[in-house]
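This report refers to the structure that appears directly beneath it.
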Number of protein chains: 2
Amino acid sequence: MGSKERIIRQKEDVKCKILTAAWQIVKNEGWQSLSMRKIADAIEYTAPIIYGYFENKEALLVEFTGKGFQNLACHLRAAKAKHRLPAKQLEAMWFAYWNFAFEEQEYYQLMFGVEVNCCEMGMNYPEDDLPGTIFSEVIQQLIDSSNNPKTDVCKKYYTFWSVIHGLICINIVRKGQSDELNQEILKDAITGIIRTITG
Amino acid sequence: MGSKERIIRQKEDVKCKILTAAWQIVKNEGWQSLSMRKIADAIEYTAPIIYGYFENKEALLVEFTGKGFQNLACHLRAAKAKHRLPAKQLEAMWFAYWNFAFEEQEYYQLMFGVEVNCCEMGMNYPEDDLPGTIFSEVIQQLIDSSNNPKTDVCKKYYTFWSVIHGLICINIVRKGQSDELNQEILKDAITGIIRTITG
DNA sequence: TACCTTTGCTTAACGGTGTTAAATACTTTA
DNA sequence: TAAAGTATTTAACACCGTTAAGCAAAGGTA
């Protein structure tokens with residue numbers, strides 16, 4: 001009986017439709033506004049049928065997370081394949097990582113817990129950039145008393161901030177990093193960047 | 001009539017109670033499980049009265065964001081005050097920033113959109129660390145053909161990842177950074193770290 | 001063909017969310 | 001005391017994820 005196969009093919013088809021409908025919603029309205037009922041509407045079913053394909057909403061998100069990581073791995077391998085020297089490969093790979101984060105921003109947000117709707121973050125109030133001004137003040141002093149007095153404060157500040165904020169995020173989201181390693185990286189990064197200023 | 005003042009004092013008191021109740025809930029159960037009704041329960045009122053003090057839930061979160069930034073600024077200034085040399089000040093300030101992020105993790109998450117509940121991120125599946133293995137492979141090759149063959153791959157990988165992930169997060173959450181600046185920082189960081197490997 | 005079982009799907013419901021409008025209770029003022 | 005104003009609650013709306021019950025069509029079996 002070939003109908004069995006047709007049926008499991010149809011089931012597979014519905015699962016696929018769920019995923020593409022969900023993805024469409026996310027692309028248009030963001031993760032925050034993805035709901036089971038919306039997905040069901042889009043595929044012209046009612047919400048409960050989704051639970052025949054995914055245990056719950058979380059499972060659906062996990063599916064996308066997996067897809068995201070495969071997608072990213074794909075990009076990384078492609079970037080690597082374009083060069084022969086490890087140094088060049090590494091450079092290309094990190095640029096590929098960077099591009100992936102923005103071209104597939106929805107994936108990246110889900111994969112690494114980057115919340116975008118938390119407070120319409122884009123600086124609600126002037127005080128929200130207080131750290132920036134406080135740090136920049138000190139960085140400027142350091143630049144003034146250095147050998148290259150026309151160094152860009154902003155650039156140095158963002159370099160500091162990026163590495164430390166990044167390390168923090170990694171530790172908060174994927175908890176259980178080695179503390180010694182963290183401290184080493186932190187110290188290395190800070191002294192390293194300071195050295196690029198003092199020259 | 002002094003009763004007017006007593007009344008505005010009581011109003012202020014309720015607002016304060018709302019904030020402390022909300023904070024308690026967040027500390028105990030995380031941002032995800034903070035709800036207007038829970039806050040109301042804690043202060044022995046019903047949900048709608050909160051709207052007399054905050055326009056909506058978002059406004060309440062914005063209030064906490066502000067508090068967080070002031071708190072952080074406080075820590076930074078204290079750290080700065082402990083040293084005289086700008087280089088030492090800067091170092092102390094970034095360590096203070098780091099400590100703030102973990103000691104006041106709830107603040108930090110809200111302030112910078114670090115989602116922790118998105119998928120119980122702590123590596124659901126082996127494939128979730130695919131980028132790590134792909135990168136580490138190339139980094140190892142680079143180390144092998146370098147002058148310091150006992151460099152820690154893991155450390156270098158996390159250093160790369162931190163700075164790039166951090167820069168990405170900053171750009172996603174606080175959109176509208178200068179693209180040239182991003183590219184400069186990105187390129188500088190990558191070539192800089194590669195240089196620390198090749199020696 | 002008639003019956004029974006299985007399957008696919010929907011409806012209804014539970015408990016939760018943020019938020020608003022109407023109703024009630026209380027206090028102040030005239 | 002009556003009217004006005006304010007504080008607070010109740011009820012409701014429109015969502016959310018999720019589960020259980022009901023229904024209708026299809027399949028197998030006698």
Side-chain angles (χ1 to χ4, degrees), chain A residues 1-19 21-26 28-65 110 115-120, chain B residues 1-19 21-26 28-65 110 115-120:
Chain A
M1 287 205 183
S3 66
K4 271 266 185 280
E5 283 152 31
R6 191 203 61 213
I7 284 171
I8 64 158
R9 200 142 31 82
Q10 280 178 345
K11 277 210 74 150
E12 209 56 44
D13 192 52
V14 171
K15 183 168 185 175
C16 188
K17 271 182 183 161
I18 291 172
L19 288 168
W23 189 241
Q24 200 57 47
I25 294 166
V26 170
N28 291 339
E29 313 170 38
W31 288 108
Q32 301 271 0
S33 102
L34 178 68
S35 85
M36 299 304 246
R37 286 178 172 89
K38 267 187 201 169
I39 298 171
D41 263 21
I43 60 173
E44 290 173 308
Y45 277 107
T46 50
I49 69 117
I50 302 174
Y51 293 84
Y53 302 89
F54 298 93
E55 205 187 335
N56 48 31
K57 194 183 178 183
E58 190 78 4
L60 217 162
L61 298 185
V62 170
E63 182 98 5
F64 277 112
T65 308
L110 183 66
E115 202 168 7
V116 74
N117 253 5
C118 81
C119 267
E120 284 296 337
Chain B
M1 287 197 185
S3 66
K4 272 266 185 285
E5 282 151 31
R6 193 203 60 215
I7 284 172
I8 65 158
R9 200 142 32 82
Q10 281 177 344
K11 277 211 73 151
E12 209 57 43
D13 192 52
V14 172
K15 183 168 185 176
C16 188
K17 271 183 181 158
I18 291 172
L19 288 169
W23 188 241
Q24 201 56 49
I25 294 167
V26 170
N28 292 338
E29 314 168 39
W31 289 108
Q32 300 271 1
S33 101
L34 177 69
S35 85
M36 300 303 247
R37 285 178 173 88
K38 269 188 199 168
I39 298 171
D41 263 20
I43 61 172
E44 292 174 304
Y45 277 107
T46 49
I49 68 117
I50 302 174
Y51 292 84
Y53 301 90
F54 298 94
E55 205 186 335
N56 48 31
K57 194 183 179 184
E58 189 80 2
L60 217 162
L61 298 186
V62 170
E63 181 98 5
F64 278 113
T65 309
L110 183 65
E115 202 167 8
V116 74
N117 252 5
C118 81
C119 266
E120 285 295 335

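The sequence lines fix the lettering, A, B, ..., with proteins before strands; numbering per chain opens at 1.
- Among all heavy-atom pairs drawn from Tyr51(B) and Asn56(B), the shortest one is CE2-CA, 3.9 Å.
- In this structure, the helix from dT1(C)-dA30(D) to dA30(C)-dT1(D) shows an angle of 40° between the axis at its start and the axis at its end, each fitted on 5 base pairs and rounded to 10°.
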Are Trp31(A) and Leu61(A) close enough, and set up right, to give a side chain to side chain contact (heavy atoms under 4.5 Å, CB included), and what steps lead you there? CA-CA 9 Å; Trp31(A) 288 108; Leu61(A) 298 185; 3.5 Å; yes
Pairs under 3.5 angstrom, nitrogen or oxygen only, protein versus nucleotides 23-26 of chain D, please.
none

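- The CG atom of Leu34(A) sits 5.5 Å away from the CD1 atom of Ile25(A) when rounded to the nearest 0.5 Å.
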Per-nt protein contacts along nucleotides 13-26 of chain C (heavy atom under 4.0 Å; B base, S backbone sugar-phosphate only, - none) come out as B---BBBB------
Under 3.5 Å, which donor-acceptor pairs link side chains of residues 36-45 of chain B to any protein atom two or more places apart or in another chain?
| residue | atom | partner | partner atom | Å |
| --- | --- | --- | --- | --- |
| Lys38(B) | NZ | Glu29(B) | OE1 | 3.0 |
| Lys38(B) | NZ | Ser33(B) | O | 2.9 |
| Lys38(B) | NZ | Ser33(B) | OG | 3.3 |

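- In this structure, the separation between CG on Asp13(B) and NZ on Lys11(B) is 12.5 Å, given to the nearest 0.5 Å.
- For the pair Leu60(A) and Ile50(A), the minimum side-chain heavy-atom distance is below 4.5 Å.
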Check nucleotides 5-8 of chain D against the protein and report each pair of N or O atoms closer than 3.5 Å, with its distance, or say if there are none.
| residue | atom | partner | partner atom | Å |
| --- | --- | --- | --- | --- |
| dT8(D) | OP1 | Tyr45(B) | OH | 3.4 |

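- Side chains of Leu19(A) and Phe64(A) form a contact here, defined as non-hydrogen atoms less than 4.5 Å apart.
- Atom-to-atom, CD of Gln10(B) to C1' of dT27(C) comes out at 12 Å; the value is rounded to the nearest Å.
- A cation-pi contact links Lys15(A) to Phe54(A), judged by a cut-off of 6.0 Å to the six-membered ring centre and 45° from its axis.
- The side chain to side chain contact (heavy atoms under 4.5 Å, CB included) check on Gln24(B) picks up Asn28(B), with sequence neighbours excluded.
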